[in-house]
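Here the structure comes first, spelled out in structure tokens, and everything after it is commentary.
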Amino acid sequence: MNDKFYLPKDGGPVAGSTPRDILRRYERMRTQVFENEYRGVQHVADIIVKAIRNYNEIFLPNEIFEDPQPFVLGLTTGRTPLGLYRELVRRHQAGEVSFRNVAVFSLDEFYPIAVDEPQSRNYRIHEEFLNHIDILPENVHMFDAEVPEQRISDYCESYDKAARKIDLMIIGVGEDGQIGFNEPGSYVQSRTRLVQLTHSTRMIQSKAFFGLENTPRMAVTMGIRTIMRAERIVLMAWGEEKAPIIRRVVEGEISALVPATCLQEHANIEVVIDENAARLLTREQAPWLVGACRWTPKFTRKAVVWLCNEVQKPILKLSYKDYIDHSLGELLEHRSYDKVNIDVFNDLQHTITGWPGGKPAADDSTRPVPSQPFPKRVLIFSPHPDDDVISMGGTMLRLVEQGHEVHVAYQTSGSFGVQDDVVLQSVDMARELGCGDRVAAVQAWSASKQPGMPEPRELLDLKGAIRRSEARAAVRSFGLDPDTYTHFLDMPFYETGSVKKNPLSEEDIAPIVALLREVRPHQIYAAGDLADPHGTHRICMEALLTALERTSEDDWREECHLWLYRGAWTEWELGLVDMAVPLSPDELIRKRHAIYRHLSQKDVITYGESDMREFWQRAEERNQQTARLYDSLGLPEYQALEVFVKLF
């Protein structure tokens, strides 16, 4: 949570130059933006601890209140509050706060579900928080999701009455604007009730339940009116994947189709987000609209690309009026508009290179990669066994064909992404080839699985073997010898056999350090995902950065540079791009065929996502869309482009 990975700032708003009210003039709720999740969590923990202390100072020693009621805290669930719960536990164990005079109410729960099922909200809150503090059992109010359906309405009504006074409500927000399980279209006066989950929500939750068929169709949730009764509300959101909905919630009109927008009408609401979740707010996306800025070349490029999109013109056709009409006059104080146009056009043009490892014996003064040394040692880190070809397959192909020494390190086994029937098909094929008969064993292991419980180790080992063979086939299709140039790290944090992963440990980081020192790379490529719905990419990046810290004094680091690609979910903004590698139609097809080698990921959606496209489709559409964006700015038209950001 104390993130090592964030993109350094390059230009932007001048700190302290703009009054707070002007800076936030597009925002309809008080919004606090923090550098990262860690700092945001500290802020929310401060709010909770201070509120509990203030309450106790007023009510506990005062004889007027013969039977003081406990401070009432509403709790959300899911991934968003996990860091907060860990911080509150830490503060409690350090003696900074007691929860003996605190009552908690849960926001929602799947229905029906047993209290001891790992996917249960009740189970998660206890495991992550309540079991580690001094709260009294009688003050814990969690939904009983085993109440018979004929009594559930009466039960919800009684729960709603019990939660009539919430002093502080901590909530998150879903990607469609849900608060709790109040789905789009929820009635603003709704109270605690049984609800039908949308297909989109069930798809998102299905990974935890090992498939859509096992995912509950219903849930119980506090209603919007119930939530709005709270004296104070804090809404948290972390990560780039929450940026689109945060913009709608904070700056958009109130709409029943985005339930969280109803919070705009609460008298004491605070939104606490990190910079990644805030990236589409006006003050982050177009800060020149709200105040003075520091105009570095990259920040200038960001503004000009934004302006091109606003006026639907290429860079070299932008006029003085375009700049003035869109609050970019400050940019022209020291340069004419046509000079800005030319500078940005050249800046963006110089990101394009067909030589991602550097072109030998060439003038590299305007190229993103130096020509020397040549050939380079390249080390590509792939969180799962297919992220390398999905995200940078074309660049990888060029690096190999241009003579560089290319290694690929697969950080996790990816075993959790393989379905049981794929394993059965593979061992059945092995039997037919006369390579052994393990069909009965696989059938037994699969049948023994219980929803929510870790998978049998033997089954996971087979799934990992399948993904290793696929990764080897993919790099072999690019002309690499997999026995020499592929490295399977199988980081232990991933190997739990369940959705919940272990914290990073020395056992995760030490093999990365050893590999770095073995290869001594000139170039490192890694998945720089600020948005990662499953968390694995970000954890892998944190591990790599920790390993790079440990090798910072090694002599090979002087010539080493770290390039970041994106995973399957989103792409870098053009204002950030440092290198763009063109792909020809044939190279795009070869990339597609390398992705095809990952047969266990073909024709199935394995991660419970609402995006039903296969990974090769996402990759091609994204690469082609990037090429169209370059074209729309007046730059050369390519079939596709893979783009990268240079971290150092």
Say whether Asp386 and His598, considering side chains only, have a donor N or O and an acceptor N or O under 3.5 Å apart.
no
Could you tell me if the side chain of Arg86 sits less than 4.5 Å from the side chain of Leu84, heavy atoms only?
no
Donor-acceptor check, side chain of Arg622 to backbone of Thr570, threshold 3.5 angstrom: yes or no?
yes
Close side-chain approach of Leu197 to Phe110, heavy-atom, < 4.5 Å
yes
Side chains of Asp274 and Tyr38 in contact at under 4.5 Å (non-hydrogen atoms)
no
Considering non-hydrogen atoms only, spot the tightest contact between Val581 and Pro356 and give its length.
CG2-CB, 4.0 Å
Is there a donor-acceptor pair under 3.5 Å between the side chain of Thr226 and the backbone N or O of Met222?
no
Side chains of Cys262 and Val188: does their closest heavy-atom pair fall under 4.5 Å?
yes
Please confirm whether the backbone N or O of Gly252 pairs with a side-chain atom of Arg28, one donor and one acceptor, at under 3.5 Å?
yes
Partner residues of Pro184 under the side-chain contact (heavy atoms from CB on, under 4.5 Å) criterion, sequence neighbours left out:
Asp176, Gln178
Is there a donor-acceptor contact under 3.5 Å linking the side chains of Gln42 and Arg39?
no
For residues Ile166 and Leu73, determine if any side-chain heavy atom of one lies less than 4.5 Å from a side-chain heavy atom of the other.
no
Got a salt bridge between Lys242 and Glu175, using NZ or NE/NH1/NH2 to carboxylate O under 4.0 Å?
no
Of all residues at least two apart in sequence or in a different chain, which pass the side-chain contact (heavy atoms from CB on, under 4.5 Å) check with Gln189?
Tyr187, Arg225
side-chain contact (heavy atoms from CB on, under 4.5 Å) involving Glu265 - partner list, sequence neighbours excluded
Met228, Ile254
When you compare the side chains of Thr496 and Asn502, does any donor N or O come within less than 3.5 Å of an acceptor on the partner?
no
Check whether more than 12 heavy atoms from other residues, nucleotides or ligands sit under 6.0 Å from atom CZ of Arg248, and answer yes or no.
no
Taking only residues two or more places apart in sequence, or in another chain, which ones meet Ala640 in a side-chain contact (heavy atoms from CB on, under 4.5 Å)?
Leu583, Leu588, Asn623, Gln624
Using the side-chain contact (heavy atoms from CB on, under 4.5 Å) rule, take Val220 and Val195 through it: C-alpha gap first, then chi angles, then the decisive distance, then the call.
CA-CA 6 Å; Val220 282; Val195 296; over 6 Å; no
Test item: side-chain donor near acceptor, Ser120 and Glu109, under 3.5 Å:
yes
State which residues pass ring-ring contact (aromatic ring centres under 6.0 Å, His included) with His350; sequence neighbours excluded, sorted by chain then number.
none
Taking the side chain as everything from C-beta on, heavy atoms only, tell me whether Asp322 gets closer than 4.5 Å to Lys317.
no
His43 and Asp46: side-chain donor and acceptor closer than 3.5 Å?
no
Flag for Arg592-Gln617: side-chain donor and acceptor within less than 3.5 Å
no
Using the rule given for side-chain contact (heavy atoms from CB on, under 4.5 Å), can you reason through Asp529 versus Met541, listing the C-alpha separation, both sets of side-chain angles and the distance that settles it, and then say yes or no?
CA-CA 8 Å; Asp529 288 299; Met541 174 56 75; over 6 Å; no
Please check if any side-chain donor atom of Tyr323 sits under 3.5 Å from a side-chain acceptor atom of Asn341, or the reverse.
yes
Considering all heavy atoms, the nearest Cys308-Pro314 contact:
SG-C, 3.9 Å
Does the pair Val577 and Thr626 meet the rule for a side-chain contact (heavy atoms from CB on, under 4.5 Å), with working shown?
CA-CA 11 Å; Val577 169; Thr626 302; over 6 Å; no
Hey, does the side chain of Gln119 reach the backbone of Ala208 with a donor-acceptor pair shorter than 3.5 angstrom?
yes
Quick check: does any side chain N or O of Ser255 sit under 3.5 Å from a backbone N or O of Leu257, one acting as donor and the other as acceptor?
yes
With a 4.5 Å limit on heavy-atom distance, are the side chains of Phe381 and Asp388 in contact?
no
Results of ring-ring contact (aromatic ring centres under 6.0 Å, His included) for Phe345 - residues two or more places apart only:
none
Taking only residues two or more places apart in sequence or in another chain, which ones pass side-chain hydrogen bond (donor to acceptor under 3.5 Å, both in side chains) with Arg247?
none
Which pairs pass side-chain hydrogen bond (donor to acceptor under 3.5 Å, both in side chains) with one or both residues in residues 299-309, sequence neighbours excluded?
Arg301-Asp347
Do Pro383 and Gln411 make a side-chain contact, defined as non-hydrogen atoms from C-beta onward lying under 4.5 Å apart?
yes
Report all side-chain donor-acceptor pairs from residues 281-289 shorter than 3.5 Å, counting only partners two or more places apart or in another chain.
residue, atom, partner, partner atom, Å
Thr282, OG1, Glu251, OE1, 3.0
Thr282, OG1, Glu251, OE2, 3.2
Arg283, NE, Glu27, OE2, 2.6
Arg283, NH2, Glu27, OE1, 3.0
Arg283, NH2, Glu27, OE2, 3.4
Arg283, NH2, Thr31, O, 2.9

Using every non-hydrogen atom in the two residues, find where Ile352 and Pro582 come nearest and quote the distance to one decimal.
CG2-CG, 3.8 Å
Between the side chain of Ser206 and the main-chain N/O of Thr215, is any donor-acceptor distance below 3.5 Å?
no
Which heavy atom in Ile269 sits nearest to a heavy atom in Arg30, and how many Å separate them?
O-CB, 3.9 Å
Quick check with a 6.0 Å cut-off and a 45 degree axis cone: is Lys501 positioned over the face of Phe416's six-membered ring?
yes
Side chain of Arg124, backbone of Gly78: donor and acceptor closer than 3.5 Å?
no
Pick from Glu571, Glu240, Glu573: which one makes a salt bridge (charged side-chain N to carboxylate O under 4.0 Å, His left out) with Arg566?
Glu240
List the atom pairs, with distances to 0.1 Å, where a side-chain N or O of residues 229-236 and a protein N or O form a donor-acceptor pair under 3.5 Å, not counting sequence neighbours.
residue, atom, partner, partner atom, Å
Arg229, NH1, Asp160, OD2, 3.1
Arg229, NH2, Asp160, O, 2.9
Arg229, NH2, Asp160, OD2, 3.3

I would like to know whether Leu263 and Val249 meet side-chain contact (heavy atoms from CB on, under 4.5 Å); could you show each step before the answer?
CA-CA 8 Å; Leu263 298 172; Val249 169; 5.5 Å; no
Tell me yes or no: between the side chains of Thr77 and Asp108, is some donor less than 3.5 Å from an acceptor?
yes
Where at least one partner belongs to residues 638-647, residue pairs that pass salt bridge (Lys or Arg N to Asp or Glu O under 4.0 Å), sequence neighbours excluded
Lys591-Glu642
Could you tell me whether a side-chain N or O of Asp387 sits under 3.5 Å from a main-chain N or O of His384, the two making a donor and an acceptor?
yes
What pair of heavy atoms forms the shortest contact from Ala260 to Ile179, and how long is it?
CB-CG2, 3.8 Å
With a 3.5 Å distance limit and no angle check, can you tell me whether Thr221 reaches the backbone of Phe181 through a side-chain donor-acceptor pair?
yes
Ring pair (Phe, Tyr, Trp, His ring centres under 6.0 Å): pairs with one or both residues in residues 627-648, sequence neighbours excluded
Tyr525-Phe644
In Å and rounded to the nearest 0.5 Å, what is the CD1 to CH2 distance from Ile524 to Trp563?
13.0 Å
